[in-house]
There are 2 protein chains.
Amino acid sequence: MSVAMRAKPRVRSALPATKSGPDRLSPVEIEFVDLFVGLARSVKAPKSIGEIYALLFASAEPLTFDAIVRKLAMSRGSASQGLRLLRSFGAVKATYVAGDRRDHFVAETELRKLVSGFLRERIAPALEGGADRLGRLSVALNAVPSGTRRSAEFEFLRHRAERLQGWQRMARESLPALVKMLDPT
Amino acid sequence: MSVAMRAKPRVRSALPATKSGPDRLSPVEIEFVDLFVGLARSVKAPKSIGEIYALLFASAEPLTFDAIVRKLAMSRGSASQGLRLLRSFGAVKATYVAGDRRDHFVAETELRKLVSGFLRERIAPALEGGADRLGRLSVALNAVPSGTRRSAEFEFLRHRAERLQGWQRMARESLPALVKMLDPT
DNA sequence: CGAAATGTTCAACAAAAAATGAACAAAGTG
DNA sequence: CACTTTGTTCATTTTTTGTTGAACATTTCG
């Protein structure tokens, strides 16, 4: 409520937005950013995503959109898109702060949630797409002229298609198991 | 040995290299390629990798470098680099074929091996790099002026750094477990 | 309502990644 | 050896992806 109380001041635009922390990253923050940018790279995600997440990860209080843009010296566009992606993964949540209209962002730090978001948004769709394509593959296989049906070649291809189905089954079974394994022990 | 026998023919360069299969992909092969290219995309790997692997996956016999280049209508450069990457992952092996000097490539189709190759080549290095950065993070944290050491902010950051170490431990433990889970049941 | 604050979208630009192909090495072959 | 086959390297081009910033909503406030 103290926040609600000081929400009135009409001076903010002139300067005090800058009040909630220096524009410059501290040495420790720099290390966090460096670490997460590397991590982002390794997953082939845009660097900006790593920067934003790192900043939030290293911040005790929720940060506003503007604070992120300023501290990371990043364009509004990137910040907006980056935050959207992070939210879609469940890696960042928007929190409500009384008396402040602006969004305030916080990092989700539970590994299990992060991984499960990643699986849900990136891997699951790929598996689904894979299922579709496997379907089409079957169709193509059945379209093979029936004269050729008994050839070794045909048998081989059928075999390989089955192997793919095995892969899919494995993925559908073991990925959720992996997530469970990550439970806060 | 039949291969060794017909290895002599001196006509090959003029045309018959094309002899070992049509340059055009069959409808079924096209489906395989389509499927694996999609898969490659989902892992953010170059499309050429998906094409090559698909072709080998769908081929009963080992294929030569040249056959790959021709059937996929791909540059030699791409094929060379793609094959190198695939081999580094253990996704493709070179087999010896008697009487033929050329390399012959085969796809590894055991999911467990593919995943473990992926972890070894892509994830493990990232984890190592992460460990390094975590080290530097600790250093930066210890470099904080001792006056500030007792602040809530400092405690928070220390906490977050520990959280990261927890992530690492989790990764080191559960990824190998995942691979085991993929064992040919 | 009009002005200010807060975000989002999207066309244009920049940077990064992948594909190409010609030059180069290596290893047979006659 | 000279010559061919086989494959790799790498500078260049092409394609893809990410970033920027200005225009455009939307909401709040006086």
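Naming convention: chains lettered A, B, ... in sequence-line order (proteins, then strands); numbering from 1 in each chain.
Within 6.0 Å of atom CZ in Arg136(A), more than 12 heavy atoms from other residues, nucleotides or ligands are found, so the atom counts as buried in its surroundings. Within a 6.0 Å sphere centred on CD of Glu162(B), heavy atoms belonging to other residues, nucleotides or ligands number more than 12.
For the pair Arg76(B) CZ and dA11(D) P, the computed distance is 20 Å after rounding to whole Å. Between the CZ atom of Phe65(A) and the P atom of dT6(C) there is a distance of 11 Å, given to the nearest Å. Summarising the geometry, the separation between CE on Met74(B) and P on dA19(C) is reported as 7 Å, rounded to the nearest angstrom. Regarding Tyr96(B), its OH atom lies at a distance of 16 Å from the P atom of dA27(C), rounded to whole Å. With rounding to whole Å, Leu86(B) atom CG is found 13 Å from dA18(C) atom P. Straight-line distance from the CZ atom of Phe105(B) to the C1' atom of dT8(D): 11 Å, rounded to whole Å. dA18(C) atom C1' lies 10 Å from atom NZ of Lys47(B), rounded to whole Å. A straight line from CZ of Arg70(B) to C1' of dG21(C) spans 18 Å, rounded to a whole angstrom.
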task: Go through the steps for Glu29(A) and Arg24(A) under the test salt bridge (charged side-chain N to carboxylate O under 4.0 Å, His left out), then give the verdict.
output: CA-CA 9 Å; Glu29(A) 281 173 325; Arg24(A) 206 39 200 147; over 6 Å; no
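Listed pair Ser48(A) / dG18(D) fails the phosphate criterion, with no side-chain N or O lying under 4.0 Å from OP1 or OP2. Dashed line: the shortest gap from a side-chain N or O of Arg87(B) to OP1 or OP2 of dT8(D) is under 4.0 Å. Regarding contacts with the backbone of dT6(D), a side-chain N or O of Arg102(B) is found under 4.0 angstrom from either OP1 or OP2.
By the 4.0 Å N-to-carboxylate-O rule, Arg149(B) lies too far from Glu155(B) to be salt-bridged with it. By the 4.0 Å N-to-carboxylate-O rule, Arg102(B) lies too far from Asp66(B) to be salt-bridged with it.
With Tyr53(A) contributing its side chain and Glu108(A) its backbone, the two residues share a donor-acceptor pair below 3.5 Å. A distance-only check finds a donor-acceptor pair linking the side chain of Ser151(A) to the backbone of Thr148(A) [under 3.5 Å]. The backbone N or O of Ala177(A) sits nowhere less than 3.5 Å from a side-chain atom of Ser174(A) that would complete a donor-acceptor pair.
Applying the 3.5 Å distance criterion, the base of dT5(D) shares a donor-acceptor pair with the side chain of Arg101(B).
Taking a 4.0 Å limit (strictly below) on heavy-atom distances, residues 77-85 of chain B reaches DNA chain D at Gly77(B), Ser80(B), Gln81(B), Arg84(B).
Aromatic rings of Phe57(A) and Phe36(A) (six-membered ring for Trp) have centroids within the 6.0 Å cut-off, being under it.
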Atom pairs under 3.5 Å: protein N/O with N/O of nucleotides 14-17 of chain C:
unit_1  : atom_1 : unit_2   : atom_2 : d
dA17(C) : OP1    : Arg41(A) : NH2    : 3.4

